[in-house]
Structure formats: structure tokens, C-alpha cells
Amino acid sequence: MIYTKHNLDDTIVALATPPGVGAIGVIRLSGKDAITIADSIFHGKKLEKQKTHTAHFGTIRDKAPQPPKGELRHRSPPLGAGGLYVIDEVLATVFVAPRSYTRENVVEFSCHGSPYILQKVIELCLENGARMAQAGEFTLRAFLNGQLDLSQAEAVADLIASSSAASHDLAMQQMRGGFSEKIKILRGQLVNFASLIELELDFGEEDVEFANRHELNTLIFDIQRLIKQLLDSFALGNVLKNGVSTVLAGRPNAGKSTLLNALLDEERAIVSDIAGTTRDTIEEILNIKGVEFRLIDTAGIREATDTIEAMGVQKTMEKVQSSTILVYLFDVIETKIMDVLTDLQKLQRPNLKLIVACNKMDKNPYFDPQWLTDFNNPTIPEYYLGTINPEADYPELDKKQIITLSAKHSMNVPYLKEKLYDLVADGKIQTDNVIVSNARHFEALQKSHQSLDDVLRGLSTGVTTDFVAMDIRRSLHHLGEITGEISTDDLLETIFSKFCIGK
Ligand code: GDP
């Protein structure tokens, strides 16, 4: 595979820490001349002579800067030996190829984190023969030099972006190669068969059969089953990586803002007695056992009377459309069951995970959540039944979806958290399970699965060997795209341009 856009002979340099002021800023040099270039600006021990994985204290020096035209220098610059201007006192860490992240020579300067110093040190590296690294170029080199495969390189970006225990674990597992290993095994099995089939093609007319068709069938079923497991894990992987979008909805005064505060354990949203005060949406992150829930508090879904609130209502509907979980809240004293069911019907959509929270239980301890599921029960008070027709097709609520709450007194709020977690995780989060969390991998797996369908169809209809071989190759191609055995400039460009400079 040739990646033409970047020259691997260059030595690249970039700031590896975030831009801006910090206690320390790290500048990273990588390439065959990294150590030579570092030596030309570093004053201390000769880095060229040092062992790999060693750190050395010294100074970075330059010619004294000239004062701007017409200005006199007020103080003489801090001169070091050789009459050179001391830019900073630094620690240089040396990594000798191939024992580095990029498998090239690498020097990292840990400087004082002043943007002036960092800029100056980078300029000196450039003047001495390095070039600015492009976004993700260090990791690209690690990939091109065989240190990481493509899915591991992508996991590096995920790891940097991870903000919860779950997304961290997921990225870490992928970076350490768990997922790649699984894909490689699948590929290996298919490659064996592909080569037997292609051998048959070489014999052309002679009608030989090296690859046992029955075994091939079984193998493909097995591989498809494994791919299917990986595909199925994507829903969870996506949730763990990006958080779960969770909407809190209900009529004005149902207690949404109070619940949000109770969940977050602090005063965030504005709570008010006046109906319809939470006009816009508020989004907060709630971390439950390492999984991030993005909680969206919405304006009431009651028919709005003024335009500002109407916009809020519109927003609620939009938010519900794009969310994974809906927590629908209602006031057990004020709201009629019929109205609850009408709201739920409006908000329902396929695949939406729903929790119905009966709030303000402290005000009505006699309320029975059973009433929500059991329309025919004669003991339900008239008031709650309203004009409900039990035969009508209101969404049939699963009892497990209903919980009672008092948001104000935090009653059952911990239980609600458990429920939220169970809705997405449900015992499926185990660190040794391989979970797909990258949309590109998901797509490649889907295509690979489809190509295997074509192989199976070909085998059952008895198409010629060259077609079967072609479909197997196609499936292999898609699996290879995941780990980067098959990659194009465009693909690499898309993946690595999303990295930050210096990574
Ligand atoms: P929102 O409009 O849905 O956001 O409702 P708020 O959270 O602003 O609550 C409206 C009113 O109901 C406030 O006065 C809250 O204190 C009160 N409230 C919320 N939850 C409860 C509860 O569980 N019990 C009682 N008694 N009052 C509550």
C-alpha cells in the first residue's frame, strides 16, 4: 500500500499538548533526523549518543533576537555558552527507532508551557530541517510503519476524546487490539478458502474441486454469525461512546426541572411554580456507572398558548425524535390518566425506550401505578379514568416501564438511575466482549456480511467458481478495510484529518 500524500522521509514537528498557557508544553519531533535536529538546538548531553527511552535536562538556545528597529534593548538577553540566547530550560526525552510510537526516531521536548517558548522551539526545529506535522501524522506514521493497525489508530483518537469510564474502556480495548484480533481471525479463515477456490480457477477447464463446498458453507455461516454479533453490539457501542440522549418530557409543572436537579444532585435548572417556565431545552450530562446520559429537560408539551412556548413544544417533539430514551413525567394529582396516555401516544415512535414516571407521589400516596396498565379494573377512580375507552388502541404500557417518584424529595430517584442504566446496558457491558463503536467499522462489517450472503447464494444456485471467488474477495476486502490491510489515500485522509495536530 502506498500513501503518497505524505513523505515519510521528512522529519515532522508539532506541539503535542493543547495550545495556550500550561505548566508544561511538549513538542514532539519524529523522523530519521529527529535526534540530529534536536541536537542542533539542545545544549546539554549529545542526544545522538544517548540510549533510547532516556530523559536529559538541558537548554534550548538561539541567536539573540534583534530588538525592533529604532528601539534600544533595555536589558541584555540571558546568554548561555557560545553567546547564544537561552529560550528555555527543558527535558529532552529520546526514543530511538524502532522503539517509539511512530517507530521512527523521536525526541520530545518538555518545555515551560508559554506559547512564546513553544512557538520559538518549533520555529527552531523548522529552521533546522523539520517540517510542520499535519493533523494525525504521528499516528499515521505509526500505522504506516506497522506499529498500529487502522482500527487501533482510530481508537487512539477515541481514547483522547473519551470522557467517561465506558467510552474509555471501549477505546482502550480497541487500541489494545481486541477488535483487530477478532477481525484478523475471520479474515484468516476466509483467506484459506479463497486461495483454494482460486487454485481451482488456475486449473480452468479441468473441473477440479479443492475447496469442499459443504465446508465452505459451514465456514461462511460461522463467520456470518460472528459478524452479526459484532453488528448487534454497535447499538451499545454507539451509546457507550457518544452517551445516551435522554429526554425529560411532560406537561408544565410535572416536575421536570425538579427531577433534573434531583438526578444531578444540584441546583441546575430553574424551578418555578408558574406553568411553562422552562421554555428552552437544557442539556446536562449524568454519569451512571460510567455511562453518560445526556439529559435534555424540555418545555411542557401542553398545547402552548404563546409563541415562545410554542417553539419550546416544537423543540420537545424534535428532541424526542432524535433521542434514545424518553422519561415522561406527570403529576399524579393534577393529570388525568387519559391525558397521560394521549401525551404518550403523541410522543411514541418505534425503538424509543420509554420510562413513565408518576411524580409527586408524596402528594397522593393512594395513587396506584397499576391504573396505567389495567384499564378494565373497576377500582380505578372515575376521575382518573376520564373518558378512557379500554378497547381503544392506546399504547399498551409494560409495567416495567412505570415507576413512581417524588422528585422533590428524591424518592425513588436512585431507582430511576438504575432503570436508565438497565435500559441501555442490561448486563451487556462486559469488558471482555468485543463491542463495535465506530460507524466505519459497522458499515464495513455490514458490507462484508452482504458479500457472504452472495457467496452462499452462489453456492446454492451453483454459479461458476469465478463468481464465488469474486464474492469471497469482496467480503475479504471489506474486512481488510477495518484493520487497514486494504486502505486508500482517501480513506486515510478522512480518518487522520480528524485527529488533532501533534497526535
Ligand atoms: P416543570 O415545569 O415540569 O419543570 O416543573 P418544576 O420542576 O418547575 O416543578 C413545578 C412545581 O412542582 C414546583 O413547585 C416543584 O417544587 C413542584 N414539585 C416537583 N416535584 C414534586 C414532587 O415530587 N412533590 C411535590 N409535592 N412537589 C413537586
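In listed order, ligands and their atoms are each counted from 1.
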Inset, instruction - Kindly confirm or rule out an N or O of A254 lying under 3.5 angstrom from an N or O of ligand 1. - result: yes
Legend entry - Validation row: M411, L405 side chains within 4.5 angstrom (heavy atoms): no
Inset, instruction - For the pair S164 and S167, evaluate side-chain hydrogen bond (donor to acceptor under 3.5 Å, both in side chains) and give the outcome as yes or no after the intermediate values. - result: CA-CA 5 Å; S164 68; S167 55; 3.1 Å; yes
Legend entry - Backbone or side-chain N or O of H409 under 3.5 Å from ligand 1 N or O: no
Inset, instruction - State whether the shortest distance between N or O atoms of G255 and N or O atoms of ligand 1 falls below 3.5 angstrom. - result: yes
Legend entry - ligand 1 atoms in contact with S406 (distance to a heavy atom under 4.0 Å): 22 (C), 23 (O), 24 (N)
Inset, instruction - Answer yes or no: does an N/O atom from A407 fall short of 3.5 Å to an N/O atom of ligand 1? - result: yes
Inset, instruction - Taking only heavy atoms of K363 into account, list the atoms of ligand 1 that are under 4.0 Å away from them. - result: 26 (N)
Inset, instruction - Determine whether the side chains of D149 and S180 contain a donor N or O and an acceptor N or O closer than 3.5 Å. - result: yes
Legend entry - Gap between atom CG of L476 and atom CD of E481 - 0.5 Å precision: 11.5 Å
Inset, instruction - Using heavy-atom distances, let me know which of K360, K256, K408, E334 sits nearest atom 12 (O) of ligand 1. - result: K360
Legend entry - Atoms of ligand 1, numbered as shown, that sit under 4.0 Å from any heavy atom of N253: 1 (P), 2 (O), 3 (O), 5 (O), 10 (C), 11 (C)
Legend entry - Atom CG of L352 with >12 non-hydrogen neighbours under 6.0 angstrom: yes
Legend entry - Any G250 heavy atom less than 4.0 Å from ligand 1: no
Legend entry - Pair S448-S475, side-chain donor/acceptor within less than 3.5 Å: yes
